[in-house]
Amino acid sequence: MPRGKRGKKGKPHTCKKRRQDQHGTQDLRGAQVTATTMEAHSSSSSPGPGVDAKGKPSARSGKHLKRPWGALATTTVPAGVSPTRSSKRATGKIAKKRNSPQAPLSNVQSGERSLTRPTNLLVEFLLRMYKTKKPIRKVHMLKIIDKKYKNQFLRILKRASESMEVVFGIDVKKDNTAKHSYVLVSKMNLPCNGIVHRGRGFPKTGLLMNLLGVIFMKGNCATEEDIWNFLGKMKIYAGKRHFLFGEPKKLITQDLVQLKYLEYRQVPGSSPACYEFLWGPRAHAETSKMRVLEFLARINHLDPSDFHCRYEEALKDEEERAQASGCPSVSAAVPST
């Protein structure tokens, strides 16, 4: 782990110096995308206004939710990413759709708003079904969102899947053993289905993936200030209970540290004392730099290679893992789309 040089006697090491790595500071802008989705959940503190405890439609399922669980509303580009490779690609596709005479912007926006309610209901249903660990059939999802949306099902499922991944760290995948069936797979193995502690609550895996992303993008070591600046963009603050993640300071400085997903330590020689976060041993065991980079890339609608030096570092990490496991190393990885 690279470390900043200590100052001369009488000039204590400061946290700001720790934020510089050999490639320079890379400020993670992807937080704004996640924050948009997080904020969309703030109208409800429980997962089930649309479905009952068994995952079936409830009497309240006809009520409209005030805000969507789903769609990612903005695309942001991390600092340090070349605009010729990333922002032009991401914004170009959006501009092409907006300028299409066949799909006026007003019509597109109206169509997206009309899918808000069924997307909400589907996310709530998926969260319930995730706890059962059972495959989910398309016919059951159509019952939840109403069969009148049958022709829009794939669009609704895509939006719901994005929220499940970004916010909760859960992938919605096709079940290869059954037709028109899906399974829910967590990106990591947090206890109690990702809730961390027994009882009611929401999976914390999505938040953990974002934290690991910040640490990686900051040169594998992020100061506590970096972490809280990032979380502040999601409206998550120390000492203020969050309806999805509980008391955040306890979660990230105690719970995830005790579970060995994060390492939290004082910066050597810092005065006044400041602290920093690193990946813990369980994070290294259950995920990889490439997987985290791919997660961040999907949030930002980019390719992992758009993160430049971090992509090269992730490739090297993949090769080292392959060699350690006795598998043939791969010289290059195919960027995700």
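For the pair Leu190 and Leu208, the minimum side-chain heavy-atom distance is below 4.5 Å. Put simply, the side chain of Pro248 reaches to within 4.5 Å of the side chain of Trp228, judged on heavy atoms. Residues Lys204 and Phe168 fail the side-chain proximity criterion, which asks for heavy atoms closer than 4.5 Å. Looking only at side-chain heavy atoms (C-beta outward), Tyr261 and Leu211 stay at 4.5 Å or farther from each other. Between Asp317 and Met290, every side-chain heavy-atom pair lies at or beyond the 4.5 Å cut-off. Residues Ser181 and Lys174 are not in side-chain contact: their nearest non-hydrogen atoms beyond the backbone lie 4.5 Å or more apart. Side-chain contact between Leu296 and Met209 is absent, with no heavy atoms from C-beta onward closer than 4.5 Å. In this structure the side chain of Leu207 reaches within 4.5 angstrom of the side chain of Leu251, judged on heavy atoms.
Between the side chains of His180 and Asp175, not a single donor N or O lies within less than 3.5 Å of an accepting N or O. Counted by atom type alone, Ser305 and Asp303 present zero donor-acceptor pairs between their side chains at under 3.5 Å. Using modelled atom types, one finds no donor on one side chain facing an acceptor on the other under 3.5 Å when comparing Glu276 with Tyr264.
The hydrophobic clustering, which links ILVMFWY residues whose side-chain heavy atoms are closer than 4.5 Å, places Leu154 and Phe125 together. Each of Val183 and Met141 belongs to its own hydrophobic cluster when Ile, Leu, Val, Met, Phe, Trp and Tyr are linked at side-chain heavy-atom distances under 4.5 angstrom.
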- What do the steps show when you test Phe153 against Ile145 for side chain to side chain contact (heavy atoms under 4.5 Å, CB included), and what is the final call? CA-CA 9 Å; Phe153 174 74; Ile145 65 175; 4.0 Å; yes

- Item | Derivation of the side chain to side chain contact (heavy atoms under 4.5 Å, CB included) call for Lys218 and Phe277 | CA-CA 10 Å; Lys218 291 293 184 180; Phe277 288 89; over 6 Å; no

- Which is it for Phe216 and Asn220 under the side chain to side chain contact (heavy atoms under 4.5 Å, CB included) test, yes or no, and what are the steps along the way? CA-CA 4 Å; Phe216 179 40; Asn220 300 301; 3.3 Å; yes

- Please walk me through it: do Glu313 and Arg310 pass salt bridge (charged side-chain N to carboxylate O under 4.0 Å, His left out)? CA-CA 5 Å; Glu313 182 179 346; Arg310 296 297 170 226; 3.1 Å; yes

- Query: How far apart are the C-alpha atoms of Ile195 and Lys131, what are their side-chain angles, what is the distance that settles it, and do they pass the side chain to side chain contact (heavy atoms under 4.5 Å, CB included) test?
  - Reply: CA-CA 10 Å; Ile195 299 174; Lys131 296 179 181 180; 4.2 Å; yes

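Tested against Ile227 for a side chain to side chain contact (heavy atoms under 4.5 Å, CB included), the candidates Leu262, Ile252, Asn210 yield a single pass: Ile252. Each of Val257, Leu278, Leu256, Ile215 was scored for a side chain to side chain contact (heavy atoms under 4.5 Å, CB included) with Glu263, with one residue passing: Leu278.
A salt bridge links Lys187 with Glu165: at least one charged nitrogen is closer than 4.0 Å to a carboxylate oxygen. The pair Glu162-Lys158 counts as a salt bridge, with a side-chain nitrogen and a carboxylate oxygen less than 4.0 angstrom apart. Comment: Glu224 engages Lys249 in a salt bridge, judged by a side-chain N to carboxylate O separation of less than 4.0 angstrom.
Side-chain N or O atoms of Thr287 include none that pairs as donor or acceptor with a backbone N or O of Arg291 at under 3.5 Å. For the pair Gln152 (side chain) and Arg155 (backbone), a donor-acceptor distance under 3.5 Å is absent. At least one donor-acceptor pair under 3.5 Å links the side chain of Asp146 to the backbone N or O of Lys148. A donor-acceptor contact shorter than 3.5 Å links the side chain of Thr223 to the backbone of Asp226. Asn229 places a side-chain N or O within donor-acceptor distance of the main-chain N or O of Glu225, the cut-off being under 3.5 Å.
Stacking of Lys147 on the aromatic ring of Tyr149 is not recorded, the 6.0 Å distance cut-off and the 45° axial limit not both being met.
Ring geometry for Phe243 against Phe202 counts as perpendicular: the plane angle is over 60°, on a 0 to 90° scale with 30° as the lower cut.
Shown here is Lys179, whose NZ atom has no more than 12 heavy atoms of other residues, nucleotides or ligands within 6.0 Å. Within 6.0 Å of atom CZ in Arg282, more than 12 heavy atoms from other residues, nucleotides or ligands are found, so the atom counts as buried in its surroundings.
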